[in-house]
Trainee: 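Okay, handing you the structure first.
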Amino acid sequence: MPSAHVDTFAHDHLPPPEQQPEFLFDLPALQFPAQLNCATELLDRHVAEGRGARVCLRAPGLVWTYAELQEKANRIAHVLVHEMGLVPGRRVLLRAPNNPMLAACWFAVMKAGGIAVATMPLLRAKELGPIIEIAQVTHALCDAALAAELQDAAQASPGLAQIRHFNAGTAAGPDSLEAAMTRAAGTFTNVDTAADDTCMLAFTSGTTGVPKATMHFHRDVMAACACWPPHVLRPGPDDVFIGSPPLAFTFGLGGLLLFPMAVGASTVLLEKAGPPQLLDGIKAFGATVLFTAPTSYRALAAHGAELRATPLRKCVSAGEALPAATRLQWKEATGIELIDGIGATELLHIFISADEAHARPGATGVPVPGYRAEVVDDAGRRVPAGTVGRLRVKGPTGCRYLADERQRTYVQDGWNVTGDAYVVDADGYFHFHARTDDMIVSAGYNIASPEVEDALLSHPAVAECGVIGAPDAERGQIVKAFVVLRAGQKPGADMVKALQDHVKQTVAPYKYPRAVVFVDQLPRTQTGKLQRFKLHEAA
Ligand code: 3UK
(Lines give C-alpha, C1' and ligand atoms only; values in the text may rest on other atoms or scores of the structure.)
Protein backbone atom coordinates (compact mmCIF):
# COMPACT_ATOMS: atom_id res chain seq x y z
CA MET A 1 0.00 0.00 0.00
CA PRO A 2 1.56 3.32 -0.96
CA SER A 3 2.00 5.48 2.10
CA ALA A 4 1.43 9.19 1.55
CA HIS A 5 3.88 10.06 4.30
CA VAL A 6 6.85 12.07 3.11
CA ASP A 7 8.07 12.27 6.70
CA THR A 8 8.38 8.64 7.83
CA PHE A 9 8.85 9.27 11.57
CA ALA A 10 5.68 7.41 12.57
CA HIS A 11 6.34 4.44 10.34
CA ASP A 12 9.94 4.25 11.53
CA HIS A 13 8.82 4.13 15.17
CA LEU A 14 6.09 1.50 14.96
CA PRO A 15 6.64 -1.44 17.28
CA PRO A 16 8.36 -4.33 15.47
CA PRO A 17 5.83 -6.70 13.84
CA GLU A 18 6.39 -9.46 16.39
CA GLN A 19 5.47 -7.08 19.22
CA GLN A 20 2.22 -5.93 17.62
CA PRO A 21 -1.15 -7.38 18.57
CA GLU A 22 -3.03 -9.60 16.17
CA PHE A 23 -5.65 -7.58 14.29
CA LEU A 24 -9.05 -9.05 13.44
CA PHE A 25 -11.22 -7.80 10.58
CA ASP A 26 -14.08 -10.27 10.87
CA LEU A 27 -16.97 -7.93 10.02
CA PRO A 28 -17.99 -6.87 6.50
CA ALA A 29 -17.75 -3.23 7.65
CA LEU A 30 -14.05 -3.79 8.45
CA GLN A 31 -12.94 -4.52 4.86
CA PHE A 32 -11.04 -1.31 4.15
CA PRO A 33 -9.55 -0.22 0.83
CA ALA A 34 -5.78 0.22 0.62
CA GLN A 35 -6.11 4.00 0.41
CA LEU A 36 -8.30 5.67 3.01
CA ASN A 37 -8.52 9.13 4.53
CA CYS A 38 -10.86 9.29 7.51
CA ALA A 39 -11.73 12.95 6.82
CA THR A 40 -13.10 11.97 3.41
CA GLU A 41 -15.33 9.37 5.05
CA LEU A 42 -16.49 11.30 8.09
CA LEU A 43 -16.76 14.82 6.68
CA ASP A 44 -16.54 15.24 2.89
CA ARG A 45 -18.80 12.27 2.14
CA HIS A 46 -21.79 13.99 3.75
CA VAL A 47 -21.35 17.08 1.61
CA ALA A 48 -20.78 14.99 -1.55
CA GLU A 49 -23.95 13.04 -0.85
CA GLY A 50 -26.08 16.15 -0.42
CA ARG A 51 -26.10 16.54 3.35
CA GLY A 52 -23.95 19.68 3.46
CA ALA A 53 -26.75 21.81 4.87
CA ARG A 54 -27.31 19.56 7.87
CA VAL A 55 -26.11 20.81 11.24
CA CYS A 56 -22.82 19.23 12.30
CA LEU A 57 -21.43 21.23 15.24
CA ARG A 58 -23.09 23.36 17.87
CA ALA A 59 -21.56 25.42 20.65
CA PRO A 60 -22.96 28.29 22.70
CA GLY A 61 -23.88 30.96 20.13
CA LEU A 62 -22.64 28.98 17.13
CA VAL A 63 -23.95 26.49 14.54
CA TRP A 64 -21.86 24.96 11.74
CA THR A 65 -23.31 22.77 9.03
CA TYR A 66 -21.32 19.92 7.50
CA ALA A 67 -20.51 22.20 4.54
CA GLU A 68 -19.30 24.95 6.88
CA LEU A 69 -17.09 22.60 8.87
CA GLN A 70 -15.71 21.23 5.60
CA GLU A 71 -14.88 24.71 4.35
CA LYS A 72 -13.12 25.66 7.60
CA ALA A 73 -11.15 22.41 7.62
CA ASN A 74 -10.17 22.95 3.98
CA ARG A 75 -8.92 26.47 4.69
CA ILE A 76 -6.93 25.31 7.70
CA ALA A 77 -5.46 22.46 5.64
CA HIS A 78 -4.28 25.06 3.12
CA VAL A 79 -2.72 27.14 5.88
CA LEU A 80 -0.96 24.06 7.26
CA VAL A 81 0.44 23.08 3.87
CA HIS A 82 1.09 26.40 2.17
CA GLU A 83 1.84 28.81 5.00
CA MET A 84 3.21 26.48 7.66
CA GLY A 85 5.02 24.05 5.36
CA LEU A 86 3.40 20.86 6.64
CA VAL A 87 4.32 17.73 4.71
CA PRO A 88 2.38 14.46 5.12
CA GLY A 89 3.51 12.47 8.15
CA ARG A 90 4.50 15.48 10.30
CA ARG A 91 3.01 15.82 13.79
CA VAL A 92 0.63 18.68 14.53
CA LEU A 93 -0.05 19.43 18.18
CA LEU A 94 -3.62 20.55 18.87
CA ARG A 95 -4.44 22.42 22.05
CA ALA A 96 -7.88 23.77 22.92
CA PRO A 97 -10.87 23.11 25.09
CA ASN A 98 -13.66 21.27 23.22
CA ASN A 99 -14.82 23.80 20.64
CA PRO A 100 -15.65 23.89 16.91
CA MET A 101 -12.29 25.32 15.83
CA LEU A 102 -10.53 22.39 17.50
CA ALA A 103 -12.74 20.02 15.50
CA ALA A 104 -11.97 21.92 12.27
CA CYS A 105 -8.24 21.77 13.04
CA TRP A 106 -8.43 18.01 13.69
CA PHE A 107 -10.03 17.41 10.30
CA ALA A 108 -7.58 19.79 8.62
CA VAL A 109 -4.69 17.68 9.89
CA MET A 110 -6.38 14.51 8.55
CA LYS A 111 -6.97 16.15 5.17
CA ALA A 112 -3.36 17.29 4.90
CA GLY A 113 -2.07 13.81 5.75
CA GLY A 114 -0.59 15.04 9.02
CA ILE A 115 -0.64 13.30 12.39
CA ALA A 116 -2.82 14.90 15.07
CA VAL A 117 -1.41 15.09 18.58
CA ALA A 118 -4.33 16.41 20.60
CA THR A 119 -3.40 17.46 24.12
CA MET A 120 -5.43 17.90 27.28
CA PRO A 121 -6.32 21.58 27.74
CA LEU A 122 -5.10 21.75 31.33
CA LEU A 123 -1.57 20.48 30.65
CA ARG A 124 1.28 22.73 31.72
CA ALA A 125 4.52 23.44 29.88
CA LYS A 126 6.25 20.82 32.00
CA GLU A 127 3.80 18.17 30.74
CA LEU A 128 3.64 19.43 27.15
CA GLY A 129 7.43 19.24 26.85
CA PRO A 130 7.73 15.43 26.92
CA ILE A 131 4.80 15.08 24.50
CA ILE A 132 6.44 17.44 22.00
CA GLU A 133 9.67 15.52 22.46
CA ILE A 134 8.26 12.00 22.16
CA ALA A 135 6.04 12.83 19.17
CA GLN A 136 8.70 15.06 17.54
CA VAL A 137 6.03 17.70 17.04
CA THR A 138 6.80 20.21 14.26
CA HIS A 139 3.57 22.25 14.07
CA ALA A 140 0.92 23.43 16.51
CA LEU A 141 -2.56 24.91 16.33
CA CYS A 142 -3.51 26.38 19.69
CA ASP A 143 -6.48 28.16 21.20
CA ALA A 144 -5.38 31.68 22.12
CA ALA A 145 -6.71 31.18 25.64
CA LEU A 146 -4.16 28.39 26.18
CA ALA A 147 -1.19 29.99 24.42
CA ALA A 148 1.10 30.70 27.38
CA GLU A 149 2.01 27.17 28.49
CA LEU A 150 2.60 26.05 24.91
CA GLN A 151 4.81 29.09 24.35
CA ASP A 152 6.94 28.05 27.32
CA ALA A 153 7.13 24.45 26.17
CA ALA A 154 7.98 25.45 22.58
CA GLN A 155 10.91 27.58 23.73
CA ALA A 156 12.67 24.41 24.82
CA SER A 157 11.71 22.53 21.62
CA PRO A 158 13.43 23.99 18.55
CA GLY A 159 11.76 21.36 16.33
CA LEU A 160 8.37 22.97 16.96
CA ALA A 161 8.81 26.04 14.78
CA GLN A 162 5.31 26.66 13.41
CA ILE A 163 2.51 27.73 15.75
CA ARG A 164 -0.75 29.47 14.89
CA HIS A 165 -3.38 30.63 17.36
CA PHE A 166 -7.13 30.73 16.96
CA ASN A 167 -10.18 31.99 18.88
CA ALA A 168 -8.47 35.23 19.93
CA GLY A 169 -11.70 37.12 19.12
CA THR A 170 -11.23 40.84 18.62
CA ALA A 171 -7.58 40.52 19.70
CA ALA A 172 -6.82 38.34 16.64
CA GLY A 173 -4.07 39.88 14.52
CA PRO A 174 -2.88 39.18 10.98
CA ASP A 175 -0.84 36.22 12.27
CA SER A 176 -3.91 34.47 13.64
CA LEU A 177 -5.14 31.23 12.13
CA GLU A 178 -8.44 32.90 11.18
CA ALA A 179 -6.65 35.69 9.30
CA ALA A 180 -4.64 33.08 7.41
CA MET A 181 -7.84 31.15 6.67
CA THR A 182 -9.39 34.15 4.92
CA ARG A 183 -6.39 34.22 2.55
CA ALA A 184 -6.74 30.48 1.80
CA ALA A 185 -8.98 28.57 -0.62
CA GLY A 186 -12.20 26.98 0.62
CA THR A 187 -11.61 23.76 -1.29
CA PHE A 188 -8.88 21.20 -0.68
CA THR A 189 -7.97 17.87 -2.23
CA ASN A 190 -7.38 15.47 0.63
CA VAL A 191 -4.02 13.75 0.70
CA ASP A 192 -4.47 10.20 -0.57
CA THR A 193 -3.31 8.50 2.60
CA ALA A 194 -2.91 4.75 2.99
CA ALA A 195 -5.41 3.07 5.29
CA ASP A 196 -2.42 2.16 7.46
CA ASP A 197 -0.83 5.59 7.57
CA THR A 198 -0.76 6.86 11.16
CA CYS A 199 -3.17 9.78 11.56
CA MET A 200 -3.07 10.36 15.30
CA LEU A 201 -0.89 9.89 18.34
CA ALA A 202 -2.99 9.62 21.48
CA PHE A 203 -1.15 9.96 24.75
CA THR A 204 -2.38 7.67 27.48
CA SER A 205 -4.10 9.30 30.39
CA GLY A 206 -2.08 7.10 32.71
CA THR A 207 -1.71 8.65 36.12
CA THR A 208 2.02 8.09 36.63
CA GLY A 209 5.21 7.57 34.67
CA VAL A 210 6.50 8.88 31.35
CA PRO A 211 3.58 9.38 28.92
CA LYS A 212 3.16 6.80 26.15
CA ALA A 213 2.00 7.69 22.65
CA THR A 214 -0.40 5.22 21.08
CA MET A 215 -0.40 5.19 17.27
CA HIS A 216 -3.64 4.95 15.31
CA PHE A 217 -4.13 4.68 11.55
CA HIS A 218 -6.86 6.17 9.34
CA ARG A 219 -8.21 2.62 9.22
CA ASP A 220 -8.38 2.44 13.03
CA VAL A 221 -10.51 5.57 13.22
CA MET A 222 -12.99 4.04 10.78
CA ALA A 223 -12.84 0.66 12.57
CA ALA A 224 -13.82 2.33 15.85
CA CYS A 225 -16.79 3.91 14.04
CA ALA A 226 -17.78 0.52 12.55
CA CYS A 227 -17.85 -1.54 15.77
CA TRP A 228 -19.32 -0.15 18.97
CA PRO A 229 -21.52 2.67 17.56
CA PRO A 230 -23.70 0.69 15.10
CA HIS A 231 -23.90 -2.41 17.31
CA VAL A 232 -24.37 -0.94 20.76
CA LEU A 233 -25.11 2.80 20.70
CA ARG A 234 -27.13 2.71 17.46
CA PRO A 235 -27.46 6.47 17.00
CA GLY A 236 -29.41 8.07 14.16
CA PRO A 237 -28.85 11.16 12.00
CA ASP A 238 -31.22 13.22 14.14
CA ASP A 239 -29.36 12.57 17.38
CA VAL A 240 -27.67 15.47 19.16
CA PHE A 241 -24.54 14.35 21.03
CA ILE A 242 -23.13 16.10 24.09
CA GLY A 243 -20.65 15.22 26.80
CA SER A 244 -17.66 16.03 28.95
CA PRO A 245 -14.53 14.12 27.83
CA PRO A 246 -11.92 16.26 26.04
CA LEU A 247 -11.38 15.55 22.33
CA ALA A 248 -7.78 14.88 23.36
CA PHE A 249 -9.07 11.79 25.18
CA THR A 250 -10.13 9.14 22.68
CA PHE A 251 -13.35 8.56 24.67
CA GLY A 252 -14.27 12.17 23.80
CA LEU A 253 -12.89 12.13 20.27
CA GLY A 254 -15.07 9.14 19.41
CA GLY A 255 -18.16 10.04 21.40
CA LEU A 256 -18.27 13.75 20.62
CA LEU A 257 -16.83 13.96 17.10
CA LEU A 258 -16.23 10.74 15.15
CA PHE A 259 -19.38 8.79 16.06
CA PRO A 260 -21.91 11.58 15.52
CA MET A 261 -20.26 12.43 12.21
CA ALA A 262 -20.15 8.79 11.11
CA VAL A 263 -23.97 8.89 10.98
CA GLY A 264 -24.42 12.51 9.90
CA ALA A 265 -25.73 13.56 13.31
CA SER A 266 -24.83 16.73 15.20
CA THR A 267 -22.68 17.29 18.26
CA VAL A 268 -22.49 19.96 20.95
CA LEU A 269 -18.99 21.02 21.99
CA LEU A 270 -18.72 22.62 25.42
CA GLU A 271 -15.49 24.22 26.62
CA LYS A 272 -16.47 23.61 30.22
CA ALA A 273 -18.50 20.47 30.78
CA GLY A 274 -18.90 19.90 34.49
CA PRO A 275 -22.31 18.64 35.67
CA PRO A 276 -23.90 22.15 35.75
CA GLN A 277 -22.77 22.97 32.19
CA LEU A 278 -23.85 19.56 30.95
CA LEU A 279 -27.29 20.00 32.47
CA ASP A 280 -27.67 23.46 30.90
CA GLY A 281 -26.33 22.17 27.59
CA ILE A 282 -28.67 19.19 27.45
CA LYS A 283 -31.61 21.53 28.03
CA ALA A 284 -30.48 24.32 25.70
CA PHE A 285 -29.49 22.13 22.75
CA GLY A 286 -32.00 19.32 23.17
CA ALA A 287 -29.23 16.74 23.44
CA THR A 288 -30.28 13.11 22.99
CA VAL A 289 -26.98 11.23 23.56
CA LEU A 290 -24.71 11.90 26.56
CA PHE A 291 -21.11 10.77 27.09
CA THR A 292 -19.57 11.24 30.51
CA ALA A 293 -17.95 9.43 33.45
CA PRO A 294 -19.62 7.73 36.45
CA THR A 295 -18.82 10.57 38.85
CA SER A 296 -20.61 13.02 36.58
CA TYR A 297 -23.70 10.77 36.38
CA ARG A 298 -23.82 10.70 40.18
CA ALA A 299 -23.81 14.50 40.31
CA LEU A 300 -26.36 14.89 37.49
CA ALA A 301 -28.72 12.35 39.07
CA ALA A 302 -29.84 15.08 41.47
CA HIS A 303 -31.54 16.74 38.46
CA GLY A 304 -33.64 13.81 37.31
CA ALA A 305 -36.86 15.80 37.01
CA GLU A 306 -35.25 18.43 34.79
CA LEU A 307 -33.59 15.75 32.67
CA ARG A 308 -36.84 13.85 32.23
CA ALA A 309 -38.21 16.98 30.55
CA THR A 310 -35.46 16.85 27.86
CA PRO A 311 -35.20 14.54 24.82
CA LEU A 312 -32.14 12.80 26.34
CA ARG A 313 -32.41 9.08 25.50
CA LYS A 314 -28.97 7.43 25.47
CA CYS A 315 -26.33 7.82 28.20
CA VAL A 316 -22.86 6.33 27.91
CA SER A 317 -20.51 5.79 30.85
CA ALA A 318 -16.82 4.97 30.46
CA GLY A 319 -13.38 5.82 31.81
CA GLU A 320 -13.79 3.90 35.02
CA ALA A 321 -15.98 1.17 36.40
CA LEU A 322 -19.67 1.97 36.71
CA PRO A 323 -20.85 0.94 40.18
CA ALA A 324 -24.18 -0.91 40.25
CA ALA A 325 -25.39 1.76 42.70
CA THR A 326 -24.73 4.50 40.14
CA ARG A 327 -26.58 2.60 37.38
CA LEU A 328 -29.57 2.27 39.71
CA GLN A 329 -29.39 5.88 40.85
CA TRP A 330 -29.42 7.11 37.22
CA LYS A 331 -32.27 4.81 36.22
CA GLU A 332 -34.36 5.98 39.15
CA ALA A 333 -33.58 9.64 38.52
CA THR A 334 -34.05 9.74 34.75
CA GLY A 335 -35.68 6.49 33.67
CA ILE A 336 -32.67 5.84 31.40
CA GLU A 337 -30.59 2.63 31.56
CA LEU A 338 -26.91 3.56 31.28
CA ILE A 339 -24.75 2.08 28.52
CA ASP A 340 -21.48 1.10 30.20
CA GLY A 341 -18.41 0.35 28.10
CA ILE A 342 -14.75 -0.27 28.78
CA GLY A 343 -12.40 1.35 26.32
CA ALA A 344 -8.73 2.21 26.31
CA THR A 345 -6.51 4.71 24.55
CA GLU A 346 -4.51 1.74 23.22
CA LEU A 347 -7.62 0.32 21.53
CA LEU A 348 -9.02 3.74 20.60
CA HIS A 349 -12.50 3.12 21.96
CA ILE A 350 -14.96 0.75 23.63
CA PHE A 351 -14.49 -3.01 23.21
CA ILE A 352 -16.76 -4.52 25.91
CA SER A 353 -20.21 -3.04 26.45
CA ALA A 354 -23.95 -3.69 26.59
CA ASP A 355 -26.85 -1.68 25.22
CA GLU A 356 -29.80 -0.52 27.33
CA ALA A 357 -31.76 -3.72 26.74
CA HIS A 358 -28.88 -6.02 27.69
CA ALA A 359 -27.32 -4.07 30.54
CA ARG A 360 -26.73 -5.94 33.79
CA PRO A 361 -25.96 -4.20 37.08
CA GLY A 362 -22.33 -4.74 38.02
CA ALA A 363 -21.30 -6.00 34.57
CA THR A 364 -19.56 -4.01 31.84
CA GLY A 365 -21.15 -6.18 29.14
CA VAL A 366 -19.96 -8.56 26.42
CA PRO A 367 -17.30 -8.17 23.71
CA VAL A 368 -18.38 -5.64 21.09
CA PRO A 369 -18.83 -7.18 17.60
CA GLY A 370 -15.41 -7.08 15.93
CA TYR A 371 -13.58 -7.79 19.22
CA ARG A 372 -12.72 -10.94 21.15
CA ALA A 373 -12.06 -10.88 24.88
CA GLU A 374 -11.08 -13.44 27.47
CA VAL A 375 -9.97 -13.69 31.08
CA VAL A 376 -6.79 -15.64 31.71
CA ASP A 377 -4.44 -16.62 34.54
CA ASP A 378 -0.82 -15.52 34.81
CA ALA A 379 0.23 -18.31 32.43
CA GLY A 380 -2.24 -17.16 29.78
CA ARG A 381 -4.75 -19.99 30.29
CA ARG A 382 -8.46 -19.17 30.26
CA VAL A 383 -9.93 -19.33 33.73
CA PRO A 384 -13.37 -20.85 34.42
CA ALA A 385 -16.48 -18.70 34.77
CA GLY A 386 -16.58 -16.96 38.11
CA THR A 387 -12.81 -16.80 38.53
CA VAL A 388 -10.89 -13.53 38.60
CA GLY A 389 -8.15 -13.18 35.99
CA ARG A 390 -6.47 -10.81 33.59
CA LEU A 391 -8.51 -9.31 30.78
CA ARG A 392 -7.08 -9.57 27.28
CA VAL A 393 -8.66 -8.47 24.00
CA LYS A 394 -8.05 -8.32 20.28
CA GLY A 395 -9.93 -6.76 17.41
CA PRO A 396 -9.56 -4.35 14.49
CA THR A 397 -7.75 -1.81 16.70
CA GLY A 398 -4.93 -2.48 19.13
CA CYS A 399 -1.88 -1.24 20.94
CA ARG A 400 1.05 0.27 19.10
CA TYR A 401 3.19 2.38 21.42
CA LEU A 402 5.53 4.72 19.62
CA ALA A 403 9.05 3.43 20.36
CA ASP A 404 8.29 2.29 23.89
CA GLU A 405 9.49 -0.79 25.74
CA ARG A 406 6.17 -1.02 27.55
CA GLN A 407 4.73 -2.43 24.30
CA ARG A 408 5.92 -5.85 25.55
CA THR A 409 3.82 -5.48 28.68
CA TYR A 410 0.61 -4.36 26.97
CA VAL A 411 0.81 -6.82 24.09
CA GLN A 412 1.47 -10.46 24.96
CA ASP A 413 1.02 -13.38 22.55
CA GLY A 414 -0.87 -11.14 20.13
CA TRP A 415 -3.38 -10.04 22.78
CA ASN A 416 -3.85 -6.59 24.28
CA VAL A 417 -3.50 -6.95 28.05
CA THR A 418 -5.29 -3.96 29.51
CA GLY A 419 -4.15 -4.27 33.13
CA ASP A 420 -7.67 -4.97 34.36
CA ALA A 421 -8.79 -7.89 36.50
CA TYR A 422 -12.14 -9.22 35.28
CA VAL A 423 -14.54 -12.09 35.94
CA VAL A 424 -16.72 -13.68 33.26
CA ASP A 425 -20.05 -15.02 34.54
CA ALA A 426 -21.90 -18.10 33.37
CA ASP A 427 -23.71 -16.05 30.70
CA GLY A 428 -20.51 -14.64 29.24
CA TYR A 429 -20.89 -11.18 30.79
CA PHE A 430 -17.65 -9.47 31.80
CA HIS A 431 -17.54 -7.99 35.32
CA PHE A 432 -14.85 -5.48 36.25
CA HIS A 433 -12.98 -6.49 39.39
CA ALA A 434 -10.11 -3.99 39.72
CA ARG A 435 -7.07 -2.64 37.98
CA THR A 436 -4.53 -5.41 38.49
CA ASP A 437 -2.43 -2.96 40.50
CA ASP A 438 -5.39 -1.93 42.68
CA MET A 439 -5.77 -5.20 44.57
CA ILE A 440 -5.52 -4.90 48.32
CA VAL A 441 -4.02 -7.80 50.26
CA SER A 442 -5.07 -7.58 53.90
CA ALA A 443 -4.19 -10.36 56.34
CA GLY A 444 -4.01 -12.75 53.40
CA TYR A 445 -7.36 -11.76 51.89
CA ASN A 446 -7.50 -10.34 48.34
CA ILE A 447 -9.81 -7.36 48.22
CA ALA A 448 -10.60 -5.27 45.14
CA SER A 449 -10.93 -1.55 45.84
CA PRO A 450 -13.93 -1.08 43.51
CA GLU A 451 -15.94 -3.74 45.36
CA VAL A 452 -15.65 -1.80 48.59
CA GLU A 453 -16.34 1.49 46.78
CA ASP A 454 -19.45 -0.04 45.26
CA ALA A 455 -20.69 -1.13 48.67
CA LEU A 456 -20.04 2.31 50.17
CA LEU A 457 -21.78 4.09 47.30
CA SER A 458 -24.93 2.11 47.96
CA HIS A 459 -25.19 3.87 51.33
CA PRO A 460 -27.47 6.92 51.10
CA ALA A 461 -25.04 9.22 52.95
CA VAL A 462 -22.20 8.66 50.46
CA ALA A 463 -21.74 10.93 47.44
CA GLU A 464 -18.27 9.78 46.28
CA CYS A 465 -15.60 7.48 47.66
CA GLY A 466 -12.19 6.03 46.96
CA VAL A 467 -10.68 2.94 48.59
CA ILE A 468 -7.03 1.93 48.86
CA GLY A 469 -4.84 -0.47 50.80
CA ALA A 470 -2.95 1.49 53.47
CA PRO A 471 0.23 0.00 54.96
CA ASP A 472 -0.37 -1.76 58.26
CA ALA A 473 2.23 -3.45 60.49
CA GLU A 474 -0.05 -6.27 61.54
CA ARG A 475 -2.09 -7.04 58.42
CA GLY A 476 0.29 -5.89 55.70
CA GLN A 477 -2.43 -3.62 54.35
CA ILE A 478 -5.77 -2.45 55.65
CA VAL A 479 -8.75 -1.24 53.64
CA LYS A 480 -8.91 2.53 53.90
CA ALA A 481 -11.81 4.56 52.53
CA PHE A 482 -11.87 8.24 51.61
CA VAL A 483 -15.49 9.35 51.66
CA VAL A 484 -17.25 12.47 50.41
CA LEU A 485 -20.59 12.73 52.19
CA ARG A 486 -23.75 14.04 50.58
CA ALA A 487 -24.90 17.52 51.56
CA GLY A 488 -26.35 17.61 55.07
CA GLN A 489 -24.66 14.39 56.28
CA LYS A 490 -22.50 14.64 59.41
CA PRO A 491 -19.01 13.12 59.56
CA GLY A 492 -17.92 11.57 62.87
CA ALA A 493 -17.52 8.29 64.72
CA ASP A 494 -21.20 7.38 64.32
CA MET A 495 -21.00 7.80 60.56
CA VAL A 496 -17.79 5.72 60.41
CA LYS A 497 -19.54 2.93 62.30
CA ALA A 498 -22.64 3.16 60.11
CA LEU A 499 -20.59 2.93 56.91
CA GLN A 500 -18.50 0.03 58.22
CA ASP A 501 -21.63 -1.88 59.22
CA HIS A 502 -23.19 -1.19 55.85
CA VAL A 503 -20.18 -2.62 54.00
CA LYS A 504 -20.14 -5.70 56.27
CA GLN A 505 -23.78 -6.31 55.39
CA THR A 506 -23.29 -5.74 51.66
CA VAL A 507 -20.10 -7.74 50.90
CA ALA A 508 -17.96 -10.25 52.78
CA PRO A 509 -17.38 -8.69 56.22
CA TYR A 510 -13.57 -8.94 56.07
CA LYS A 511 -13.66 -6.33 53.24
CA TYR A 512 -14.95 -3.52 55.45
CA PRO A 513 -12.82 -0.38 55.65
CA ARG A 514 -10.96 -0.40 58.94
CA ALA A 515 -10.06 3.24 58.33
CA VAL A 516 -12.54 5.82 57.08
CA VAL A 517 -11.54 9.41 56.35
CA PHE A 518 -13.99 12.13 55.36
CA VAL A 519 -12.84 14.51 52.63
CA ASP A 520 -14.43 17.33 50.62
CA GLN A 521 -13.47 15.92 47.24
CA LEU A 522 -11.45 13.15 45.62
CA PRO A 523 -8.43 13.59 43.34
CA ARG A 524 -9.44 12.83 39.75
CA THR A 525 -7.79 13.06 36.34
CA GLN A 526 -9.24 15.26 33.60
CA THR A 527 -10.69 12.05 32.22
CA GLY A 528 -12.71 11.36 35.36
CA LYS A 529 -10.53 8.62 36.79
CA LEU A 530 -9.90 8.39 40.50
CA GLN A 531 -6.20 8.97 41.23
CA ARG A 532 -5.62 6.25 43.79
CA PHE A 533 -1.90 7.02 43.93
CA LYS A 534 -2.78 10.42 45.39
CA LEU A 535 -4.85 8.72 48.07
CA HIS A 536 -1.83 6.52 48.79
CA GLU A 537 0.28 9.65 49.23
CA ALA A 538 -2.35 11.05 51.58
CA ALA A 539 -2.51 7.80 53.56
C1 3UK B 1 -10.49 1.73 32.77
C2 3UK B 1 -12.91 1.07 32.75
C3 3UK B 1 -14.16 -0.37 34.04
C4 3UK B 1 -9.84 0.38 32.59
C5 3UK B 1 -11.44 5.03 27.42
C6 3UK B 1 -13.68 4.60 26.65
O7 3UK B 1 -10.80 5.06 29.71
C8 3UK B 1 -10.44 5.02 28.54
O9 3UK B 1 -9.12 4.95 28.19
P10 3UK B 1 -7.84 5.09 29.15
O11 3UK B 1 -6.66 4.74 28.34
O12 3UK B 1 -8.05 4.02 30.32
C13 3UK B 1 -8.28 2.66 30.08
C14 3UK B 1 -8.61 1.96 31.38
O15 3UK B 1 -9.67 2.66 32.07
N16 3UK B 1 -11.87 1.77 32.24
C17 3UK B 1 -12.32 2.49 31.21
N18 3UK B 1 -13.65 2.30 31.04
C19 3UK B 1 -14.04 1.41 31.99
N20 3UK B 1 -12.97 0.18 33.76
N21 3UK B 1 -15.29 -0.09 33.36
C22 3UK B 1 -15.29 0.80 32.34
N23 3UK B 1 -16.41 1.09 31.66
O24 3UK B 1 -8.94 0.20 33.63
C25 3UK B 1 -9.12 0.55 31.25
O26 3UK B 1 -8.07 -0.38 31.09
O27 3UK B 1 -7.84 6.43 29.81
C28 3UK B 1 -12.75 4.63 27.67
C29 3UK B 1 -13.33 4.95 25.37
C30 3UK B 1 -12.04 5.36 25.10
C31 3UK B 1 -11.08 5.39 26.13
N32 3UK B 1 -9.83 5.80 25.82
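Keep in mind that this is a model prediction, so the values were computed, not measured. Read the numbers this way: they start at 1 and go in the same order the structure lists the ligands and their atoms.
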Trainee: Tell me whether T345 has any N or O atom under 3.5 angstrom from an N or O of ligand 1.
Mentor: yes
Trainee: Can you confirm whether E537 is buried at CD, in the sense that more than 12 heavy atoms of other residues, nucleotides or ligands lie under 6.0 Å from that atom?
Mentor: yes
Trainee: Checking the N or O distance criterion of under 3.5 Å, is ligand 1 in contact with R435?
Mentor: yes
Trainee: Is R360 positioned over the aromatic face of Y429, cation under 6.0 angstrom from the ring centre and no more than 45 degrees off axis?
Mentor: yes
Trainee: Does CD belonging to Q19 count more than 12 external heavy atoms closer than 6.0 Å?
Mentor: yes
Trainee: Report the part of D420 in contact with ligand 1, treating N, CA, C, O as backbone and CB onward as side chain, heavy atoms under 4.0 Å; options are side chain, backbone, both, neither.
Mentor: side chain
Trainee: Is G341 close enough to touch ligand 1? Criterion: a residue heavy atom under 4.0 Å from a ligand atom.
Mentor: yes
Trainee: Given G343, A321, P245, S353, which has its nearest heavy atom closest to atom 20 (N) of ligand 1?
Mentor: A321
Trainee: Taking N or O atoms only and a 3.5 Å limit, does T250 qualify as a polar contact for ligand 1?
Mentor: yes
Trainee: Report all side-chain donor-acceptor pairs from residues 250-260 shorter than 3.5 Å, counting only partners two or more places apart or in another chain.
Mentor:
| from | atom 1 | to | atom 2 | distance (Å) |
| --- | --- | --- | --- | --- |
| T250 | OG1 | L348 | O | 2.8 |

Trainee: Touching ligand 1 at all, L348? Heavy atoms, strictly under 4.0 Å?
Mentor: yes
Trainee: Decide if atom CZ of R124 counts as having more than 12 heavy atoms of other residues, nucleotides or ligands within a radius under 6.0 Å.
Mentor: no
Trainee: If you measure every N or O of G319 against every N or O of ligand 1, does any of those distances drop under 3.5 Å?
Mentor: yes
Trainee: Quick one: does NZ or CZ of R219 land under 6.0 Å from the six-membered ring centre of F25, within 45 degrees of the ring axis?
Mentor: no
Trainee: Scan residues 385-396 for pairs that pass side-chain hydrogen bond (donor to acceptor under 3.5 Å, both in side chains), counting only residues two or more places apart or in two chains.
Mentor: E22-K394, E374-R392, D378-R390
Trainee: Any heavy atom of D340 closer to ligand 1 than 4.0 angstrom?
Mentor: yes
Trainee: Given that the side chain starts at C-beta and the backbone is N, CA, C, O, which of these parts of F432 lies under 4.0 Å from ligand 1, counting heavy atoms, or is it both or neither?
Mentor: side chain
